[in-house]
Amino acid sequence: GRSKNLLVIFDELFRGTNVKDACDATVAITKAFSGKRDCLFVISTHIIEAGDTLGGLCDNIRFVYFPTVMNGNVPGYTYTLTDGITSDRHGMMIINNEKVLDIIRKKDTLPDENSVKQPFIVDKQTVEDLNLLGEYRPNSIFNIFNRTHTRGGKQLLESMFHQPLNDAAAINDRVSILSFFQEKNLSYPIDDELFKTVDCYLSNNGGGSMTASFLYIARRKLMHYIGADREYEVIHRGLTGTIRFLNLLKQFVEQLSAGQVPFAYQSRLQEAKSFFADKRLQRVFETDGNRPLKWIDVVRYDFTLRAACMEELRMLMQWFYETDAYLSIAKVSRKRGFTFAKALPFEKDKNLIDIKNVCHPSLEKAIANSILLTHSQNVLFLTGANMAGKSTLMKSFSIAVYLAHMGFPVAAEEMRFS
């Protein structure tokens with residue numbers, strides 16, 4: 001009744017609906033409340049058209065907005081109410097700032113065969129919306145693939161996520177390497193405790209010369225003998241652990257070398273094999289690291305590994321981190337039933353994205369759908385009710401495109417793309 005006043009405050013009343021329905025509903029509800037003079041009604045919205053329409057229908061509505069001030073390409077906010085209806089649209093602001101319309105209008109934007117390859121570009125908002133990155137974010141795409149055992153392997157996996165490829169040959173090369181590891185179906189070859197010992201040992205530099213190593217270890221051995229120091233024991237444990245580690249890696253390299261090795265991986269595998277063929281290391285491999293070493297052998301082997309061959313050993317460790325990442329990706333792909341996409345070289349007027357039965361990799365029992373975009377059918381107009389799956393399909397599609405540009409397996413039965 002008239003003796004009771006009603007205050008109604010709505011924030012984004014129709015968020016999630018399509019723009020026309022949101023506009024029509026905003027106009028209808030706001031107009032209805034404007035006819036009840038004993039009611040106070042406040043609504044915030046991004047639907048500028050609703051304000052334009054209501055301005056011609058009702059004379060008792062006050063229109064206010066928060067202005068956006070552009071500092072170059074960076075939006076600034078005054079947080080001060082201003083009378084009127086804003087024309088600010090952040091979507092168009094981003095489009096204009098990035099000169100998207102200019103790019104679309106240009107006739108010469110499509111690259112020719114002689115053009116320089118452009119990087120794969122993705123904005124931060126898309127990365128957030130797709131939940132691509134983040135070790136500690138639940139259900140992130142990175143976490144799906146992160147089954148690494150080493151810090152170096154995890155960092156390499158992160159760098160792959162941060163740097164998608166945009167060259168068909170490079171993408172297919174990585175696909176061939178990951179497919180190779182998936183087909184090999186090899187387990188991670190190193191015990192985690194053993195690797196911690198190796199990592200600790202190699203993180204400390206040895207003597208710069210044989211003489212320096214001799215004097216340092218001899219002093220540590222003497223101090224250990226009289227019970228005044230345990231550093232010699234730490235060096236001995238780290239050295240024998242590293243020798244066991246290298247022997248296990250040598251066996252793993254032999255397993256990888258058996259059979260057909262893809263061309264893209266042959267040179268990388270050869271670098272690892274060259275390390276184990278180094279004449280300076282042969283005396284080290286004469287022991288398996290399971291028995292105590294004479295202190296003079298500790299001097300020799302420690303100098304060989306942490307001084308004479310340190311640079312080669314660093315290269316081998318980088319190869320090992322790559323192996324850790326590859327094994328992780330292959331394991332996930334095999335377990336989840338993912339497949340590798342085929343990257344096609346650019347051909348003018350032959351754009352293609354063909355994905356059969358793609359689904360969201362984070363969803364259990366996801367319903368798969370197929371998507372085909374070509375030069376002659378390059379627009380997909382997707383409709384459906386709220387909660388029907390539109391956003392999930394778009395995210396599934398986008399994640400597949402992103403992973404495919406990384407050379408990673410995708411949650412689909414088959415995929416080809418330009």
Side-chain angles (χ1 to χ4, degrees), residues 117 120 132 141-150 152-154 156-190 249 251-273 318-346 352-362 368 370-371 396-397 399-418:
K117 296 294 182 182
F120 184 95
L132 291 171
I141 307 304
F142 171 80
N143 269 333
I144 290 177
F145 287 96
N146 183 25
R147 298 295 180 269
T148 56
H149 293 257
T150 65
K154 184 185 72 174
L156 180 62
L157 188 66
E158 285 179 329
S159 71
M160 291 179 181
F161 267 87
H162 282 287
Q163 299 173 350
L165 306 171
N166 201 25
D167 176 80
I171 292 170
N172 290 328
D173 281 347
R174 182 175 286 172
V175 166
S176 69
I177 294 172
L178 292 174
S179 299
F180 169 70
F181 274 84
Q182 182 170 318
E183 292 166 6
K184 281 289 186 180
N185 194 16
L186 297 174
S187 300
Y188 178 76
I190 307 299
L249 273 195
Q251 297 172 17
F252 189 79
V253 168
E254 292 171 356
Q255 289 178 294
L256 285 176
S257 302
Q260 187 68 32
V261 179
F263 179 78
Y265 192 60
Q266 289 176 6
S267 61
R268 203 72 183 100
L269 187 59
Q270 185 56 47
E271 290 177 8
K273 294 169 70 174
Q318 184 60 35
W319 174 86
F320 177 65
Y321 297 144
E322 292 175 11
T323 300
D324 184 22
Y326 292 157
L327 288 172
S328 174
I329 299 164
K331 179 180 180 180
V332 171
S333 177
R334 192 166 49 248
K335 182 178 179 180
R336 301 286 293 271
F338 293 169
T339 58
F340 292 95
K342 172 69 175 177
L344 306 174
F346 172 80
L352 173 71
I353 298 181
D354 184 6
I355 315 179
K356 290 182 173 58
N357 289 331
V358 63
C359 59
H360 198 294
S362 296
S370 298
I371 298 176
S396 303
F397 174 76
I399 290 169
V401 171
Y402 194 94
L403 290 175
H405 276 82
M406 293 166 58
F408 276 38
V410 299
E413 288 184 7
E414 184 181 343
M415 178 174 177
R416 296 180 302 140
F417 69 104
S418 299

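Given the structure is predicted, the values throughout are model-derived calculations rather than measurements.
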### Query
Should Val253 and Leu269 be marked as a side chain to side chain contact (heavy atoms under 4.5 Å, CB included) after you check the CA-CA gap, both sets of side-chain angles, and the distance that decides it?
CA-CA 7 Å; Val253 168; Leu269 187 59; 4.1 Å; yes
### side chain to side chain contact (heavy atoms under 4.5 Å, CB included) assessment of Phe338 paired with Ile329
CA-CA 10 Å; Phe338 293 169; Ile329 299 164; over 6 Å; no
### Message
side chain to side chain contact (heavy atoms under 4.5 Å, CB included) for Phe180 and Leu256? Distances and angles first, verdict last.
### Response
CA-CA 9 Å; Phe180 169 70; Leu256 285 176; 3.9 Å; yes
### Message
For a side chain to side chain contact (heavy atoms under 4.5 Å, CB included) check, start with the C-alpha distance between His405 and Phe417, then their side-chain angles and the critical distance, and finish with the verdict.
### Response
CA-CA 9 Å; His405 276 82; Phe417 69 104; 3.5 Å; yes
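Annotation: side chain of Ser176 is not in contact with side chain of Phe340 (no heavy-atom distance under 4.5 Å).
Between the CE atom in Met406 and the CG atom in Leu157 there is a gap of 6.5 Å [rounded to 0.5 Å]. Summarising the geometry, atom CD1 belonging to Ile399 is positioned 7.5 Å from atom CD1 belonging to Ile144; distances are rounded to the nearest 0.5 Å. Atoms CD1 and CZ, from Ile141 and Phe161 in turn, are 7.0 Å apart once rounded to the nearest 0.5 Å. Atoms CD and CD, on Gln270 and Gln266 in that order, are 9.5 Å from each other to the nearest 0.5 Å. Distance check: Tyr402 OH to Phe408 CZ gives 10.0 Å after rounding to the nearest 0.5 Å. The structure places CG of Leu344 at 10.0 Å from CD1 of Ile171, a figure rounded to the nearest 0.5 Å.
Ser418 places no side-chain N or O within donor-acceptor distance of the main-chain N or O of Ile353, the cut-off being under 3.5 Å. Panel note: side chain Arg334, backbone Gln182; a donor-acceptor pair is recorded below 3.5 Å. Remark: the backbone N or O of Phe142 is not paired with any side-chain donor or acceptor of Asn146 at under 3.5 angstrom. Panel note: side chain Ser159, backbone Leu156; a donor-acceptor pair is recorded below 3.5 Å.
Around NZ of Lys331, the count of heavy atoms belonging to other residues, nucleotides or ligands within 6.0 Å does not exceed 12.
Two rings, from Tyr265 and Phe181, have their centers less than 6.0 Å apart.
Residues passing the side-chain hydrogen bond (donor to acceptor under 3.5 Å, both in side chains) test with Lys356 are Asp354, sequence neighbours excluded.
Closest approach of Leu178 and Ala330 over heavy atoms only: O-CB, 4.2 Å. In terms of heavy atoms, Val175 sits closest to Ala341 at CG2-O, 3.8 Å. Of all the heavy atoms in Ser396 and His360, the pair that sits closest is OG-N, 3.1 Å. The heavy-atom pair separating Cys359 from Ala368 by the smallest distance is CB-CA, 4.2 Å. Taking all atoms of both residues into account, the shortest heavy-atom contact from Thr339 to Glu414 is OG1-N, 3.9 Å. Closest of all the heavy-atom pairs between Ala400 and Val358 is CB-CG2, 4.0 Å.
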Please output the side-chain donor-acceptor pairs of residues 320-327 that fall under 3.5 Å, not counting sequence neighbours, one pair per line with the distance.
from, atom 1, to, atom 2, distance (Å)
Glu322, OE1, Arg268, NE, 3.0
Glu322, OE2, Arg268, NE, 3.2
Glu322, OE2, Arg268, NH2, 3.0
Thr323, OG1, Trp319, O, 2.9
Asp324, OD1, His149, N, 3.1
Asp324, OD2, His149, N, 3.0
Asp324, OD2, Thr150, N, 2.8
Asp324, OD2, Thr150, OG1, 2.7

